[in-house]
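For reference, positions follow the sequence shown, starting with 1. Ligands are counted one by one from 1 in listed order, and the atoms in each one are counted from 1 as well.
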Amino acid sequence: MRVLGIETSCDETSVACVDDEGVRANLISSQVDLHQHFGGVVPELASRAHLTNVLPVCQAALERSEWRLDDVQAVAATAGPGLIGAVLMGLSWAKSLSYALDVPFVGVHHIEGHILANGIEREMQFPCLALVVSGGHTETVFVRRVGNYERVGTTRDDAAGETFDKAAKLMGLGYPGGPVIQELAERGRPDRLELPRALQADGELDFSFSGLKTAVRRAIEALGPTPREQDLADVARALQEAIVDSLVEKTARALDARAGEGIRGLYLAGGVAANGPLRGAIGRLASERDLDFAPPPMAYCTDNAAMIAWVGREKLLRARPDGLDLAAFARGGIDSWA
Ligand code: KG4
Ligand code: ZN
């Protein structure tokens, strides 16, 4: 089945073409330059940019795939969660296309896309546990099968990616913060400062990063107005270690909490899944527990439409399409998404 997928939930306009052989095209028009000036994503600007970009990106994806418009057999789009105006742009575009071409339409939950992206290049083993870590989400999700999700633990405050981004901003390193902090941390010395790991009490499955964020702010302020690069690298290293430790510890606990479910795979998803030390640590946890794992391809970690087209195809092979009345949503956990 040839599925065209559209993802516009935040600041990337992405269109992908997927068929039975795999991903034919996965094009992303990033708005990073547009928002950088404001130090974060401006929702109204994001919506307008999606409106301008979606048609040319769609045409380019079709060209790259060597598909004509009438080769498209189904259309999938992110229905949420995300910036509502941004989601609406891609979703409305997808519905119009499905109506005009008279082909099925299917809506995809953004987090479902991130998780099932692990199945694009190799088969996933179900049931599985996924650690979803991005700029807006940090959660462990038990996945019984495609379409059946239960959230195990979630963040009580900030997301892991947000914590990387805020620390980078305090250090004057720009956006997005994760990649620059990871690079800087490589030059950091071990054990130069101790940063907190929150919610350590027995049985606690949730994450919390706000205390860590405050501790990092204090550590940076203590370095004075012109900090030395080596001191910043030490902070970056301690921060990355604290985030990775917390993520791995709560993932291990989520596996314990679902020990009776016959879990066969452990997967990483979302933008922070690009983090090298996190990929290594989750890989080690998976091998200790004898679970299937492979680090997700970088192209499918950050927001992309290949994951949306892929899930659309997976769902259409198993279930009926959605109606054109499917609503866009800004917030909504994966549990409530059937
Ligand atoms: O999934 P994503 O592209 O967008 C959201 O849905 O949020 O994730 C973006 C997040 C940003 O917070 C960015 O700093 C983080 O992923 N990120 C990383 C790395 N690459 C991207 N965090 C840590 N290490 C990285 N190498
Ligand atoms: Zn995302």
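- For the ring pair (Phe, Tyr, Trp, His ring centres under 6.0 Å) condition, the pairs that include at least one residue of residues 106-127, sequence neighbours left out, are H109-F329, H109-W337, H110-H114.
- Within 6.0 Å of atom CG in D70, more than 12 heavy atoms from other residues, nucleotides or ligands are found, so the atom counts as buried in its surroundings.
- Listed by first and then second residue, the salt bridge (Lys or Arg N to Asp or Glu O under 4.0 Å) pairs involving residues 80-89 amount to none (not counting sequence neighbours).
- Look at D325 and K95 and you find no salt bridge, because none of the NZ, NE, NH1 or NH2 atoms lies under 4.0 Å from a carboxylate O.
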Ligand 1: which protein N/O atoms lie under 3.5 Å from its N/O atoms?
residue, atom, partner, partner atom, Å
ligand 1, 1 (O), H114, NE2, 3.4
ligand 1, 1 (O), G271, N, 3.0
ligand 1, 1 (O), D303, OD1, 3.3
ligand 1, 3 (O), D303, N, 3.2
ligand 1, 4 (O), D303, OD2, 3.4
ligand 1, 6 (O), D303, OD1, 3.4
ligand 1, 7 (O), G135, N, 2.8
ligand 1, 7 (O), G136, N, 3.4
ligand 1, 12 (O), G161, O, 3.2
ligand 1, 12 (O), D165, OD1, 3.4
ligand 1, 12 (O), D165, OD2, 2.7
ligand 1, 14 (O), D165, OD1, 2.7
ligand 1, 14 (O), G178, N, 2.9
ligand 1, 24 (N), N275, ND2, 3.1
ligand 1, 26 (N), Q182, OE1, 2.9

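- To the nearest 0.5 Å, the span separating OG on S9 from CD1 on I84 amounts to 10.5 Å.
- Residues W67 and R24 form a side-chain contact, since some pair of their non-hydrogen atoms from C-beta on lies under 4.5 Å apart.
- A salt bridge is defined here as a Lys NZ or Arg NE, NH1 or NH2 lying under 4.0 Å from an Asp or Glu carboxylate O, and D231 with R189 meets this definition.
- Of the listed residues (Q240, K250, R197), just one forms a side chain to side chain donor-acceptor pair (under 3.5 Å) with D245, and that residue is R197.
- I181 contributes atom CD1, which lies 12.0 Å from atom CD of E186 (distance to the nearest 0.5 angstrom).
- Around the Zn ion (ligand 2), the protein contributes the following N, O or S atoms at distances under 2.8 Å: H110 NE2, H114 NE2, D303 OD1.
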